[in-house]
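Counting starts at 1 for both ligands and their atoms, following the listed order.
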Amino acid sequence: MTNSASTASIPVATLGVPRIGPRRELKMALEKFWSGKIDEAALREAAAKIRADNWTRQRDLGVTVIPSNDFSLYDQVLDTSAMVGAIPKIYGWTGGPVSFETYFAMARGSQKGLSHKDSGDHDGCAHGHSHGQGVPAQEMTKWFDTNYHYMVPEFSKDQTFALSSTKAIDEYREAKALGIQTRPVLVGPVTFLKLGKGENRLSLLPKLLPVYIELLNRLAAEGADWVQIDEPCLVLDLDADEKAALKTAYSELALKVPGVKIMLATYFGELGDNADLVTKLPVAGVHLDLVRGKGQINSVLDKMPADRVMSLGVIDGRNIWRADLTRVFNFSNDAIALRGADRIQIAPSCSMLHVPIDLDQETDLDADLKSWLAFSVQKMGELAALSRALSSGRESVKDVFAASDDAAKKRASSPKIHNPAVQSRAAEKSSALSERKSAFSARQKLQSKVLGLPSFPTTTIGSFPQTEEVRKARAAHAKGQLSDAEYDTFLRKETETAVRWQEDIGIDVLVHGEFERNDMVQYFGEQLSGYAFTKHGWVQSYGSRYVRPPIIFGDVSRPKPMTVGWSSYAQSLTTRPMKGMLTGPVTMLQWSFVRDDLSRDQVCRQIAFALRDEVTDLEKAGIGVIQIDEPALREGLPLRKGDWKAYLDWAVDCFKVSQAGVKDETQIHTHMCYAEFNDIIDAIGAMDADVISIETSRSKMELLDAFVTYKYPNEIGPGVYDIHSPRVPEVPEMMELIGKARRNLSPEQIWINPDCGLKTRGWPEVKSALSNMVEAARQARVA
Ligand code: GLN
Ligand code: ZN
């Protein structure tokens, strides 16, 4: 795209683009490679094609600062471990270039082991790795507060580093050969160390920096004039050592790599108390997230040395909404006035890894909704138009601005989004809405009378195996090959079999098995107003696992009951209590793209009211035990500790609104997957669910400590069996875990259940394991 204006145009950067390919080409290639259908050369070729397409697409759309090394076969943090040779001994690496075999062993465990399951939907426990024989994969955890997961670097005490992958150089060259000058992207040394594990990691910095220096000098020799170094840790609370490490790192790089200019990228929040530090770092440019950190612009620009190039992250790189260009234009113009046009770049707030690729692929979306959205391709278009407007005036792109203004206006008033009844209900605040009628101790007595459960009651977390057969039937139904009636009959049969089987082995509180559900968020989202779904809107969750997050675009309400039919049917099959099963408001929010025209707490509250109606309808239909899953509660914690309380206050209140409409006799359960509970134990206490089930088996009940210290008064089901592995635990193992729980909790508090849902498991192992679990409970009752 050429710019006819006389003024030099403002550079447009992207910081990074999605690497999965518009039709998930990367996943296809990886899976073929892993199953031996294609060789390494073919995988490399497929990857090179994606990169070339990404570069040319960016160039054609008007991006002028094009990244390289933003691509990854699996994960950019894993790439960094490979780059610096931070490869734990168990992978058998002895130096030299890191092979695909080593790289993928770190990503997924070795071939000899059991590879992890890509179940393709939420299990909430994204550490779904093998725990069997063979070499395990590296640990995986969330990248800041996104739903992207990175492979946690591991550092040993005697860790050494050496440049062990030339990926950054190779990809720079590859682009150059296509005639495209790029700005290579690296994960910064301090963020890399901070995100890893191993004692005293920061002290490794002096050993790590020479590798960065060598690499940067080689990039310079190849012709790279700028590099982008990502230090998103700069938006976190940093201690004095971490701040000192940043100073050391960037002073060293400035000194030893004079030939390359560094664009220091910060994102996912504002710099806050790290702003002073950043202004002092000797780097050529700084990128700011001005979507999440809008308010920091003036104070940061004021302090920043005058020669520093500022990259303004003005387009949301994490969400899918079309920008209000007029607003962004005015905002950017003010910044330019402060700084001077020759020292400004514009960019998305962060890498666009977190958004789908191209909205044009969505042919079935509502036309209005579509006009309010922008995926990565559209965002580049917005940036290009913005750049043009900033250098040559809005007149030069007036059609683009007119369309943006029009969309913003329509969105602000569309009845598809705005439902006054929903809004006024969500605005209601009273403790009567959040509190159960009586305190837990009174409820417990009533519930125990009504339910008549034995001590150490047994239950499961909800889902039973989503077998090949179940998936096939769902797919056939979606394609119209199976009629509604046939599909319904199939699901009823599956449910009935599961109910009979639970009765046979003697589980106390049954579940219907969730066979009708594709995914624990999608299933509800599809039945709620205000939610939409894409066909191709995939984003990388980790490695080759991609998700299509639902889009919460409007006020959320529940047109009709969502689960009452299935739960009542299942209850009709048995005299034992059948547990109703819902996904909680915070999890419904966390695992979706959320509208940006309403605060998250308000959106969550709307969902809470929709669920409240479902909960009371279930109760009316005779369901006396209802579980509201909140596996995402902890991951919603803001990046800065100072923001935690406000979040937890509204998150807990939303949960309470969803549960509190029932009578005292109705027992409300909640479930959370493996999580560090210490930080949120007060919040869990405040949630006041009658029963909480948690994942504790792999920590050998250590996770219970938080509950013990807190003196958690309500009932609790600490998982006694690890559902992430097909291994069947024996009765004595479970007895041991139950024993630990008994030593710390009172016997009336304890439930016996697995760690999580069983959807990723097979029936044979589930049957053996649950039979053992019921036997363990029996033994506990007489012990
Ligand atoms: N009820 C859900 C299930 O059993 C809960 C899953 C989760 O918390 N991740 O599948
Ligand atoms: Zn779980």
Side-chain angles (χ1 to χ4, degrees), residues 117-128 142 147 149 458-467 470-471 494-495 498 502 507 509-525 541 545 547 562-563 566-567 570 578-592 611 614-615 618 623 625-636 655 658 668-677 684 687 689 691-699 703 716-725 751 753-763 766 769-770 773:
K117 286 232 171 194
D118 281 1
S119 63
D121 45 21
H122 297 113
D123 56 10
C125 328
H127 42 245
K142 277 186 178 254
N147 285 327
H149 302 76
T458 53
T459 190
T460 60
I461 307 306
S463 57
F464 277 130
Q466 289 266 330
T467 55
V470 173
R471 286 170 197 272
E494 290 294 306
T495 308
Q502 292 172 82
I507 295 200
V509 173
L510 312 194
V511 297
H512 74 284
E514 303 182 22
F515 302 107
E516 77 288 7
R517 303 189 185 176
N518 38 15
D519 169 276
M520 64 184 289
V521 171
Q522 190 178 346
Y523 181 73
F524 291 94
S541 169
R545 176 163 163 178
V547 293
M562 304 182 283
T563 63
W566 283 110
S567 287
M578 175 62 57
K579 186 159 64 166
M581 196 59 58
L582 304 171
T583 302
V586 183
T587 302
M588 290 295 297
L589 183 84
Q590 267 317 112
W591 291 348
S592 305
L611 289 168
E614 186 71 14
V615 169
L618 280 169
I623 305 298
V625 184
I626 301 164
Q627 179 172 309
I628 308 171
D629 292 325
E630 284 292 22
L633 186 95
R634 189 184 192 285
E635 67 188 48
F655 177 84
S658 72
I668 301 284
H669 290 221
T670 188
H671 167 72
M672 287 180 199
C673 301
Y674 182 95
E676 237 355 286
F677 288 105
I684 291 179
M687 282 167 73
V691 184
I692 181 172
S693 59
I694 57 172
E695 184 174 326
T696 41
S697 77
R698 273 186 292 165
S699 77
L703 287 173
I716 175 166
V720 295
Y721 116 62
D722 175 12
I723 57 91
H724 296 289
S725 150
W751 284 66
N753 47 256
D755 272 347
C756 192
L758 297 160
K759 66 178 154 226
T760 58
R761 298 270 61 91
W763 273 114
V766 162
L770 287 183
M773 188 185 89

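- Remark: ligand 1 atoms within the under-4.0 Å shell around heavy atoms of Cys673 are 7 (C), 8 (O), 9 (N).
- Residue Lys759 has at least one heavy-atom neighbour below 4.0 Å for each of these atoms of ligand 1: 10 (O).
- Taking 4.5 Å as the limit, every side-chain heavy atom of Ile668 sits out of range of all side-chain heavy atoms of Met687.
- Looking at Ser463 against ligand 1, both its backbone and its side chain come within 4.0 Å, counting heavy atoms.
- Taking the Zn ion (ligand 2) as reference, His671 places its N/O/S atom NE2 nearest.
- Between the CG atom in Leu633 and the SG atom in Cys673 there is a gap of 11.5 Å [rounded to 0.5 Å].
- Interface atoms of ligand 1 facing Gly757, defined by a heavy-atom separation under 4.0 Å, are 3 (C), 4 (O), 10 (O).
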Are Thr459 and Val625 close enough, and set up right, to give a side chain to side chain contact (heavy atoms under 4.5 Å, CB included), and what steps lead you there? CA-CA 11 Å; Thr459 190; Val625 184; over 6 Å; no

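- Ligand 1 has a nitrogen or oxygen under 3.5 angstrom from a nitrogen or oxygen of Ile461.
- With sequence neighbours left out, the salt bridge (charged side-chain N to carboxylate O under 4.0 Å, His left out) criterion links Glu514 to no other residue.
- Here is the list of ligand 1 atoms found below 4.0 Å of a heavy atom in Glu514: 1 (N), 2 (C), 3 (C), 4 (O), 10 (O).
- Ligand 1 places these atoms under 4.0 Å from at least one heavy atom of His671: 7 (C), 8 (O).
- One distance of note links OG1 of Thr583 with CG of Leu589; it measures 13.0 Å at 0.5 Å rounding.
- Residues meeting the side chain to side chain donor-acceptor pair (under 3.5 Å) test with Ser567, sequence neighbours left out: none.
- Contacts with ligand 1 closer than 4.0 Å are made by no heavy atom of Met672, backbone or side chain.
- A donor and an acceptor atom, one from each side chain of His671 and Ser693, are located under 3.5 Å apart.
- Listed by number with element, the atoms of ligand 1 under 4.0 Å from a non-hydrogen atom of Gly462 are 4 (O).
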